[in-house]
There are 2 protein chains.
Amino acid sequence: MSVTIKDVARRAGVSPSTVSRVISKHPRISKETAERVTRVMEELGYHPNSMAKGLVSKATYILGVILPRPAEELFQNYFFHEVLRGILAQANRSGYDLLIASGSSESDELETVKRLVRGRRVDGIILLSSKTKDPLIHFLNEVGFPFVIIGRSPDFPDAPTVDNDNVQAAYDATRHLINQGHERIGFVSGPQELTVSQDRLTGYRQAMLEAGLSISEDWIVEGEFLQETGYRAMSMLMNLPERPTALVVIDDIVAFGVLHGLNELGYSVPQDMCLVGFNNISLSEHTSPPLTSVDIGTYQIGYMTAQTLIKTISKEPLHQTRKIIPHRLIVRGSSVK
Amino acid sequence: MSVTIKDVARRAGVSPSTVSRVISKHPRISKETAERVTRVMEELGYHPNSMAKGLVSKATYILGVILPRPAEELFQNYFFHEVLRGILAQANRSGYDLLIASGSSESDELETVKRLVRGRRVDGIILLSSKTKDPLIHFLNEVGFPFVIIGRSPDFPDAPTVDNDNVQAAYDATRHLINQGHERIGFVSGPQELTVSQDRLTGYRQAMLEAGLSISEDWIVEGEFLQETGYRAMSMLMNLPERPTALVVIDDIVAFGVLHGLNELGYSVPQDMCLVGFNNISLSEHTSPPLTSVDIGTYQIGYMTAQTLIKTISKEPLHQTRKIIPHRLIVRGSSVK
DNA sequence: TCCCTCCGTGCAATCGTTACCACACAAATG
DNA sequence: CATTTGTGTGGTAACGATTGCACGGAGGGA
């Protein structure tokens, strides 16, 4: 049916082994033969059968990406998309394809990963979210399969990860608000079990403590990565007797919800409330007022993750198992009067 | 190394053929054997090697998704993401995985597709964008490889596609504005070569014509799927001597740019300008004012596309090669005074 | 009782590559 | 000139599954 290595061999007047050697650039092949074979391959439109190749070489040149489950409602659209672009770019550069998968429940997800690993469908796995007590990490760690986590996992300190210094990032964001003269600063968080929520909350507390400012626990609202969370948080916070004058918000999307709610109630940003978000998604530049946000180098996270995974697969030593991508506070209208 | 069908066979006291038959639910296998083998498979944590399987069966159970090139700057983040979720859901339900790929240039992209097809890396391909004179469609059509286009391709009317009735959708959006009493209505478009731009423009013109309203060509601005386009279009349109009082905007993202620009210049929506967008992304509910938008059933598009492709792969006849997903106008504050 | 049919299972070829081993021949060494 | 070293290539056995063919035994009909 389709053109195989044998067809090329016959047409070029050599053996299949020789063709295989030409493809893998074996040193002991004569220049003339190599050229002739290459020409024939192009003539016939030959491409090696990936499965035959994979069967013998035990490599698929596919990286698996496990998406967070939509069911958990913590699907960070915009963040995820940028990360994926970064992963894809680096994977392609290194000759890898990307297989994306998800599960509809935790056990389903684990089953999927087992299938991918045991069925040799991918050479390595990228986990896009990291929570504490993650059974996926546990499994991958146990069977010794190459994987990289985006974020960090306190339960498996040796697992390779790519992450921001989220504590420092939140510290910087909070510090920025303190520098503007704010004393009552609130924090709108994501789901507790995610390390990113925990870390940013820590950074916020640190900055407040260091500045000698006290935190009312009413100022800390937990939710999900959705505008609804921001909207709801806003109405709770604005009804407090002693309400904050500024907010650090876990994600720009959530901050949009806050902004919208404030607008609706006739409050003005930054006069009545200052806002700082995270992720610096492209829309943040185009709200009214534009949103101050911590740029966490989302694309670069993806890029670096793929690179780390590929190194792990080819058994190159990693000089550091925990890579930190630098962040940068982008100050815009939502936080300066 | 890893557990194979032979290990299972040995442990269960049967031949590898029998194990294979148990897996594929061959009818002529005794119930007892089937149960015993199944138990052993679970005990050993056996998963069939996907490449050995694929080599002989000539099926990979992988669908390829070709992303639009970022270089073209027509990467519709939010649209794409929802579609992908739909594709993924349906693919998983049918036992398929998803491989995503893109190219950095047109020829690179074609090369990637050739590699996927000829190298038997995927069983079928989904094209996420459809433009006129698309070399990918030409190639896939020529070699007779299963594929489905999201959108439509005027050059290949027989190719299976999943699409909206974009002419009608834009007609409805425009009609809605006309019903509100507007007479000078503008249109902010995406790249000309995309069929979606062409179709929506057609629908807009149709509605205007039918209502006996004349269109000034100054009211039609072409750009890309970016906020910048909206921002720029807005400033051009507001400087016209006879400026429109309402706009149909090709995508919500672009409409955000318009909205932001208007806010910045102190114009108010909907008093000074009414807006209708497309795609009804989740943020549209949370702008100030909330954005009226045509919901095109993005998730369902993905879902249906995967379903159609899988049918094509298994050579089931399609009762219709061109599937239309219904749209729905969601009226919000940006278009009613 | 004999033959035919059907059921459950094993044997062996096959899918398209890779990689080890062998071999012919040329060049270099003593 | 004999021997070693090296170069370019072919033959063949894997890799881990599927599948057509064959075969022994049980059951049913004549």
Side-chain angles (χ1 to χ4, degrees), chain A residues 1-38 40-41 44-62 95 115-123 314, chain B residues 1-38 40-41 44-62 95 114-123:
Chain A
M1 203 66 217
S2 152
V3 33
T4 77
I5 212 171
K6 281 187 189 168
D7 301 322
V8 176
R10 192 167 16 227
R11 179 88 163 248
V14 293
S15 77
S17 328
T18 302
V19 177
S20 171
R21 289 195 184 96
V22 170
I23 295 171
S24 54
K25 302 202 195 307
H26 189 104
R28 292 223 301 235
I29 220 83
S30 78
K31 206 167 177 187
E32 303 79 53
T33 313
E35 274 170 13
R36 183 155 35 92
V37 170
T38 308
V40 173
M41 289 197 301
L44 300 183
Y46 170 79
H47 285 258
N49 181 306
S50 59
M51 286 178 296
K53 194 169 180 162
L55 182 56
V56 42
S57 69
K58 284 168 180 341
T60 58
Y61 283 91
I62 299 182
R115 182 175 57 78
L116 296 180
V117 170
R118 299 236 170 92
R120 296 249 171 280
R121 186 142 254 213
V122 298
D123 293 344
S314 34
Chain B
M1 201 65 219
S2 142
V3 33
T4 76
I5 210 170
K6 281 187 191 170
D7 302 322
V8 177
R10 193 167 16 225
R11 179 88 162 247
V14 293
S15 76
S17 333
T18 302
V19 177
S20 171
R21 290 197 182 96
V22 170
I23 296 170
S24 53
K25 302 202 195 306
H26 189 104
R28 292 225 300 234
I29 222 84
S30 78
K31 207 168 176 189
E32 301 80 53
T33 314
E35 273 170 14
R36 183 156 34 93
V37 170
T38 307
V40 172
M41 289 198 301
L44 300 182
Y46 170 78
H47 285 259
N49 182 305
S50 59
M51 286 179 295
K53 193 169 181 161
L55 182 56
V56 42
S57 70
K58 285 170 179 339
T60 58
Y61 283 91
I62 298 182
K114 282 187 178 171
R115 183 175 57 79
L116 295 181
V117 170
R118 299 234 170 93
R120 296 250 171 284
R121 185 143 254 211
V122 298
D123 293 343

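So that the names make sense, note that chain A is the first sequence line, chain B the second, and so on, each numbered from 1.
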| note | Rounded to whole Å, CD1 of A/Ile5 lies from P of D/dT9 at a distance of 15 Å

| Nearest heavy-atom pair of A/Ala9 and A/Pro16: which atoms, and what distance? | CB-N, 3.6 Å

| request: Return the value, rounded to whole Å, for the distance between atom CD of A/Glu35 and atom C1' of D/dG8. | output: 16 Å

| Under 3.5 Å, is there a donor-acceptor pair linking the side chains of A/Ser20 and A/Ser17? | no

| message | Under 4.0 Å from OP1 or OP2 of D/dT9: is there any side-chain N or O of A/Ser30 that close? | response | yes

| task | Please state how far atom CG in B/Asp7 lies from atom P in D/dA17, giving the value in whole angstrom units. | result | 9 Å

| note | In whole angstroms, the gap separating P of D/dG8 from CD of A/Glu32 amounts to 9 Å

| note | note: B/His26, atom NE2; C/dG10, atom P; distance rounded to Å ~ 13 Å

| field | A/Ser57 vs B/Val14, nearer the 5' end of DNA chain C by closest nucleotide | value | B/Val14

| field | Nearest heavy-atom neighbours spanning B/Met51 and A/Arg120 | value | CE-O, 3.6 Å

| Would you say B/Thr33 reaches C/dT9's phosphate, i.e. side-chain N/O to OP1/OP2 under 4.0 Å? | yes

| query | Quick one: A/Lys25 NZ to C/dA19 C1', roughly how many Å, whole number? | reply | 18 Å

| task | Could you check A/Lys53 against B/Val56 and say which one's nearest nucleotide on DNA chain C is further toward the 5' end? | result | B/Val56

| Rounding to a whole Å, what distance do you find between B/Ile23:CD1 and D/dA17:P? | 7 Å

| request: Classify the nucleic acid contact of B/Val19 as base, sugar-phosphate or nothing, counting any heavy atom under 4.0 Å across all strands shown. | output: nothing

| task | Specify the closest pair of heavy atoms between A/Asp123 and A/Tyr61, including all atoms of both residues, with the distance to one decimal. | result | OD2-N, 2.7 Å

| Side chains of B/Val37 and B/Val8: does their closest heavy-atom pair fall under 4.5 Å? | yes

| said: On the side chain of B/Ser17, is there an atom forming a donor-acceptor pair with the base of C/dC11 - under 3.5 Å, no angle test? | reply: yes

| request: On DNA chain D, check which nucleotide each of B/Asn49 and A/Arg28 is closest to and give me the residue with the more 5' one. | output: A/Arg28

| query | Any idea which of C/dC21, D/dT19, C/dC15 is nearest the A/Arg21 side chain? | reply | C/dC21

| note | Taking every heavy atom of A/Val40 against every heavy atom of A/Ala12, the minimum-distance pair comes out as CG2-CB, 3.9 Å

| request: Could you check whether B/Thr18 gets within reach of a base, just the sugar-phosphate, or nothing at all, counting any heavy atom under 4.0 Å? | output: sugar-phosphate

| Phosphate contact (C/dG16 OP1 or OP2) by B/Lys58 side-chain N/O below 4.0 Å | yes

| message | Strictly below 4.0 Å: does B/Thr4 bring a side-chain N or O up to OP1 or OP2 of D/dG16? | response | no

| query | OP1 or OP2 of D/dA17 less than 4.0 angstrom from a side-chain nitrogen or oxygen of B/Tyr46, does that happen here? | reply | yes

| request: Scan A/Leu55 against the nucleic acid and name what it touches under 4.0 Å (heavy atoms): base, sugar-phosphate only, or nothing. | output: base

| note | Rounded to whole Å, the CZ-P distance (B/Arg121 to C/dT17) equals 13 Å

